[in-house]
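What follows is a short report on a single structure.
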Amino acid sequence: MNTIKRHLINTLSALATHLLLLLLVQSAWAGRTADRLFQMGDDAAENASANITVGSGAGNVFPSHTLDSAGQPGAGNFQDLLVVGDPKYVNTSARPHADANDLGIRFDGVDDYLEALRLGQPSTSEPAVTGVDGLAPEDYSGINNRGLQFWANPDPAGNGNVQALVQDTEQHGVRISAAGTWIMRYNNVDVDSGVGVEFGEWSHLMLVRPSGAAGGSQLYLNGVAIAARGGGYNGGDERPLTVGANTGDGSPVFPGTADFYTGIIDDLELFVLGTSTATQTDYGTFDLGSDNPVAVELLSGFVAGDINGDGVVNGDGTGLAASDDITAYLDNWLFENRVNGILTGDVNTRQHGDFDFDGIVDLDDWQVLRMTHPNGAGLNLGALLNARGVPEPCALTLWLGVSAAFLHLLRLREH
């Protein structure tokens, strides 16, 4: 083997090691940063109770508002929602993940809504540009990725109407079509999921732009991806954050003139993702398995590298998929999930072996399985695929160059 060829192989092997380490490190960073958290009556400072008008609790520290709980007490950096109309607090103890005394907010579909300054593109938001209530601005420099999530119980009385549940400008929102299907708003475009709304039932909605224009935006219903759209969005959109109605266009149409929502909304969170360019502040990377409460619950029986949900990572590819994770992986090799043509991972793809939720079962996922398998150093994906008559992918040699010593080192780092 000549010197140039040997150097190339060593370089590629080092690159494989670096990429695997990067994948594992990124998983450790997963976790969004909440910019705002609206508990819809459960913040003690709101003094709320069922059946009274939102924001009217005696002693509410900010009357006519429902409070943001993501700020710092005493620092003045909360961003509360202004109450318009006569929305009411209601008991939401029947909601999944709720306690006996939890409250939410019911909207009448006529003139009720909530309003606040938008988050929008985080780098151009008020917290980043001017600060809030005299505080120094947040360092959201270069931060363009963000998301929101909440619980909703749409009332059957609203079925047949276009409804806006949450809209953070016209660039990011969750809506219901006149046909009774869930709609994702991204970059001023409605993407109809075609998935019917279960009126009168609780649903968890998560809308996230996790990785720039390449991945675009995805809408999750109870942990399952139902709509997606690629591309960037208009970061200069200054329309407000609204809950329960349209955002308007500022001139001459203002918020709360159309698309009123009939039903209950609870626990709305707006979050940011990424690393700032000024101070390198890390606001986290999106990980559905830890950031989405429904996904956390549905995948609670799975450990890292476990595909079949039996709580252990084992097998050699000769057993049944129900008890052999290698067989389960091979059965799902190159499985992919596309939503509106975009590769998108969710709770279903995770159970196919898509450990990184990127929508495809590939070499990245194999490395997670190999690292967590008790006999990972002896696993050879190329041989396993060949035994099934599947050609080795061209990049496989590169990835399988990661040595048993490196896998052992990674395990030591976990302790």
Side-chain angles (χ1 to χ4, degrees), residues 26-27 29-38 70 118-123 125 140 142-152 164-175 182-191 193 195 203-235 237 241 243 265 267-275 282-299 337-350 354 356-360:
Q26 282 181 330
S27 68
W29 288 343
R32 71 220 180 269
T33 297
D35 178 77
R36 311 178 197 185
L37 175 60
F38 303 107
R118 56 97 178 175
L119 172 61
Q121 185 176 30
S123 62
S125 65
Y140 287 168
I143 300 292
N144 300 314
N145 295 323
R146 39 68 180 260
L148 56 88
Q149 61 179 330
F150 61 97
W151 290 91
L165 285 75
V166 177
Q167 288 200 199
D168 183 16
T169 74
E170 288 283 16
Q171 309 306 305
H172 235 192
V174 179
R175 298 161 59 84
W182 290 111
I183 295 284
M184 179 186 79
R185 172 65 65 89
Y186 182 59
N187 192 20
N188 210 26
V189 173
D190 280 342
V191 180
S193 70
V195 176
S203 296
H204 183 269
L205 288 307
M206 171 179 265
L207 178 61
V208 60
R209 182 184 192 264
S211 56
S217 183
Q218 294 102 47
L219 175 63
Y220 294 89
L221 171 65
N222 297 326
V224 176
I226 61 171
R229 185 169 189 259
Y233 67 97
N234 179 8
D237 190 332
L241 165 68
V243 182
I265 290 178
D267 286 2
L268 169 62
E269 177 193 26
L270 278 66
F271 54 88
V272 296
L273 302 161
T275 301
D282 179 18
Y283 293 100
T285 56
F286 178 63
D287 177 65
L288 184 77
S290 59
D291 292 334
N292 183 297
V294 178
V296 170
E297 180 181 38
L298 292 175
L299 300 175
N337 181 55
R338 290 186 182 272
V339 180
N340 301 123
I342 298 172
L343 279 172
T344 308
D346 59 18
V347 293
N348 292 330
T349 68
R350 169 58 179 81
D354 178 23
D356 57 1
F357 297 103
D358 67 353
I360 185 170

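Heavy-atom basis, side chains included; hydrogens, waters and symmetry copies ignored.
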- Task: Start with the C-alpha distance between Val224 and Asn222, add both sets of side-chain angles, then the distance that settles side chain to side chain contact (heavy atoms under 4.5 Å, CB included), and finish with yes or no.
- Result: CA-CA 6 Å; Val224 176; Asn222 297 326; 5.7 Å; no
- Any side-chain heavy atom of Leu288 sitting closer than 4.5 Å to one from Met206?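 When only atoms from C-beta onward are counted, Met206 and Leu288 do touch, with a gap below 4.5 Å.
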- May I ask you to test the Leu119-Val272 pair for a side-chain heavy-atom distance under 4.5 Å? yes
- Describe, in one word, how the ring planes of His172 and Tyr186 are oriented to each other, choosing from parallel (under 30°), tilted (30 to 60°) and perpendicular (over 60°). tilted
- Message: Looking at Asp291, is its backbone amide N or carbonyl O close enough to the side chain of Asp287 to form a donor-acceptor pair, meaning the two atoms are under 3.5 Å apart?
- Response: no
- Keeping the roles fixed (side chain from Tyr233, backbone from Asn144), state whether a donor-acceptor pair exists under 3.5 Å.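 Yes, because the side chain of Tyr233 sits within donor-acceptor range (under 3.5 Å) of the backbone of Asn144.
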Quick check for you: to the nearest 0.5 Å, what is the distance between [X] atom [atom1] and [Y] atom [atom2]?
X: Thr285; Y: Asn145; atom1: OG1; atom2: CG; answer: 10.5 Å
X: Gln218; Y: Asn340; atom1: CD; atom2: CG; answer: 10.0 Å
X: Leu207; Y: Trp182; atom1: CG; atom2: CH2; answer: 12.0 Å
X: Tyr283; Y: Leu273; atom1: OH; atom2: CG; answer: 12.0 Å
X: Ser290; Y: Arg32; atom1: OG; atom2: CZ; answer: 7.5 Å
X: Asp346; Y: Ile226; atom1: CG; atom2: CD1; answer: 10.5 Å

- Message: If you compare all heavy atoms of Asn187 against all heavy atoms of Asn234, which two are closest, and at what distance to 0.1 Å?
- Response: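 For Asn187 versus Asn234, the nearest heavy atoms are OD1-N, 3.6 Å.
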- Message: What I want to find out is whether Arg146 reaches Asp168 closely enough, with some N-O distance under 4.0 Å, to be called a salt bridge.
- Response: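 Yes, Arg146 and Asp168 are salt-bridged.
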- Message: With a 4.0 Å cut-off on N to O distance, would you call Arg118 and Asp237 a salt bridge?
- Response: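 Looking at Asp237 together with Arg118, the answer is no, because their closest N to O distance does not fall below 4.0 Å.
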